[in-house]
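Written below as structure tokens is the structure these notes are about.
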Amino acid sequence: MSVSIKSSREIELMREAGRILAMVHEELGRALKPGMSTLDIDRLGERLIRSYGCSASFKNYNGYPASICVSVNDEVVHGIPNKHRILQEGDIVSLDAGVIYNGYHSDAARTYAIGKISPEAEQLIRVTRQCFYEGIKYAKAGNHLNDISSAIQKYAESFGYGVVRDLVGHGIGDHLHEDPEVPNFSQNRRGIRLRPGMTLAIEPMINMGRADVVWMDDDWTVVTDDGSLSAHYENTILITQGEPEILSLL
């Protein structure tokens, strides 16, 4: 496994990719409302990405047909936008997006409430986001990859939630997916030692029920096996000499 250390020029490009993606997410989050179709969200997302002079990381990636992955309620990730899928009051929707700026990727996901949602759904979204922050407390040079993974799992499971095993975070750079894989659950090995200049997409995917997931017939959409709600929170981060830098936040 070769984990790339980014040069200062590459880091600058990834910073800009992350800043643009953060703005896209802000605008998408503000636009969401009951009655929108998931295809409306994708079209808006693609328009925003292009307006910043970027292209969408996901469009046609391994055949994925859209720019924004839109996953509703029990859909964990990779939901395909559809004009017939209409958001309802009380839904939760995960938007996963990436942008390419001058050849470099950023990748980030957020789960949003549509109108008023249940307290249980609110807690799931809040805990999933906090899982990311618990993980990156350990995203420091000299620590090991598994320190991040274990912290995410421990926090999620303290609420009785299921941590998805079939999908993981990843390295990122001039490719959307690079080494290393970044699991959200503890491994039997310590994993690589973190070094300054590594860039990672850390992305807890947390289910209200069990961890098990299944793939739908479209070969993309992943749903919880027990039909429970799922949330997703992701940012692209940079390992530094000190605290990690989150590249995909404003």
Side-chain angles (χ1 to χ4, degrees), residues 1-30 44-62 64 66-69 95-110 129 131-145 147-149 151-152 168-182 184 191-204 232-250:
M1 175 169 51
S2 63
V3 179
S4 69
I5 303 295
K6 306 304 188 289
S7 68
S8 54
R9 176 187 158 272
E10 289 177 304
I11 289 165
E12 275 311 307
L13 292 171
M14 291 188 69
R15 258 194 203 114
E16 185 60 13
R19 189 182 73 85
I20 290 166
L21 182 54
M23 292 192 289
V24 169
H25 266 297
E26 288 277 314
E27 294 183 59
L28 285 173
R30 281 201 294 271
L44 173 60
E46 176 149 4
R47 206 158 60 235
L48 289 168
I49 290 168
R50 291 189 180 283
S51 76
Y52 290 112
C54 294
S55 52
S57 298
F58 299 171
K59 189 77 180 260
N60 301 320
Y61 181 80
N62 290 342
Y64 185 76
S67 297
I68 314 287
C69 296
L95 304 184
D96 190 357
V99 307
I100 310 169
Y101 173 78
N102 285 0
Y104 282 81
H105 293 263
S106 62
D107 190 0
R110 309 278 184 264
R129 180 177 178 276
C131 281
F132 167 84
Y133 286 99
E134 294 297 319
I136 67 163
K137 287 176 184 174
Y138 298 91
K140 296 179 182 171
N143 283 351
H144 288 264
L145 195 61
D147 298 332
I148 299 173
S149 304
I152 291 171
V168 295
H170 50 91
I172 183 170
D174 58 0
H175 290 77
L176 178 59
H177 293 108
E178 299 183 353
D179 286 336
E181 290 193 342
V182 186
N184 298 304
I192 60 162
R193 188 183 289 277
L194 301 173
R195 292 169 53 201
M198 289 180 175
T199 44
L200 306 173
I202 296 177
E203 51 177 320
H232 186 196
Y233 187 84
E234 174 185 23
N235 282 304
T236 300
I237 71 159
L238 168 68
I239 305 295
T240 71
Q241 292 290 1
E243 295 298 319
E245 183 183 340
I246 304 176
L247 302 180
S248 50
L249 278 183
L250 289 177

Output for pair (Asp179 CG, Ile172 CD1), nearest 0.5 Å, gives 13.5 Å
Report yes or no: does Thr199 contribute a side-chain atom to a donor-acceptor pair with the main-chain N or O of Leu238 at less than 3.5 Å? no
Nearest heavy-atom approach of Ile20 to Cys54 is CD1-SG, 3.6 Å
Closest heavy-atom pair, Glu178 versus Ser4, reported as atoms and distance to 0.1 Å, is OE1-OG, 3.4 Å
- [ ] Taking the side chain as every heavy atom from C-beta outward, state whether Glu245 and Ile237 have any pair of such atoms under 4.5 Å apart.
- [x] no
Is the shortest distance from a Lys or Arg side-chain nitrogen in Arg19 or Glu16 to a carboxylate oxygen in the other one below 4.0 Å? yes
- Query: Going by atom types only, do Tyr233 and Glu203 share a side-chain donor-acceptor pair under 3.5 Å?
  - Reply: no
Here the pair of heavy atoms bringing His232 nearest to Asp96 is CE1-OD2, 3.3 Å
In short, Arg15 meets Leu247 closest at the heavy-atom pair CG-CD2, 3.8 Å
Between Leu48 and Glu46, does a side chain to side chain contact (heavy atoms under 4.5 Å, CB included) hold up when you go through it step by step?
CA-CA 5 Å; Leu48 289 168; Glu46 176 149 4; over 6 Å; no
One should read off an interatomic distance between Lys137 NZ and Glu243 CD, to the nearest 0.5 angstrom, of 10.5 Å
Shortest non-hydrogen pair, Ala17 vs His105, comes out as CB-C, 4.2 Å
dist Glu12:CD -> Asn102:CG (nearest 0.5 Å) comes out at 12.0 Å
*Which word best sums up how the rings of Tyr61 and His177 line up, parallel for under 30°, tilted for 30 to 60°, or perpendicular for over 60°?*
tilted
Value for NE2 (His25) from CZ (Arg30), rounded to nearest 0.5 Å, stands at 13.5 Å
Taking C-beta and beyond as the side chain, do Ile68 and Leu95 meet within less than 4.5 Å on heavy atoms? yes
task: Start with the C-alpha gap between Tyr64 and Lys59, add the side-chain angles, then the distance that decides, and say whether side chain to side chain contact (heavy atoms under 4.5 Å, CB included) holds.
output: CA-CA 6 Å; Tyr64 185 76; Lys59 189 77 180 260; over 6 Å; no
**Message:** If you define the side chain from C-beta out and look only at heavy atoms, does anything of Val99 sit under 4.5 Å from Phe58?
**Reply:** no
Practice item. Find out whether Phe132 and Asn235 are in side-chain contact, i.e. whether some heavy atom of one side chain is under 4.5 Å from a heavy atom of the other. Key: yes
**Q.** Tyr138 backbone acceptor or donor facing Asp147 side chain under 3.5 Å
**A.** no
| Is the closest side-chain heavy-atom distance between Met14 and Thr236 below 4.5 Å? | yes
Checklist entry - Can you find a pair of side-chain heavy atoms, one from Leu194 and one from Leu200, that are under 4.5 Å apart? => result yes
Here the gap from Leu21 atom CG to Tyr52 atom OH, rounded to the nearest 0.5 Å, amounts to 10.5 Å
When every non-hydrogen atom of Glu234 is compared with those of Ala201, the smallest separation belongs to OE2-CB, 3.3 Å
Item to complete: Decide yes or no for His170 and Asp107: does some side-chain heavy atom of the first lie under 4.5 Å from some side-chain heavy atom of the second?
Response: yes
*Check whether any side-chain heavy atom of Ile136 sits under 4.5 Å from a side-chain heavy atom of Ile148, and report yes or no.*
no
The reported gap from CD1 in Ile202 to SG in Cys131 (rounded to nearest 0.5 angstrom) is 12.0 Å
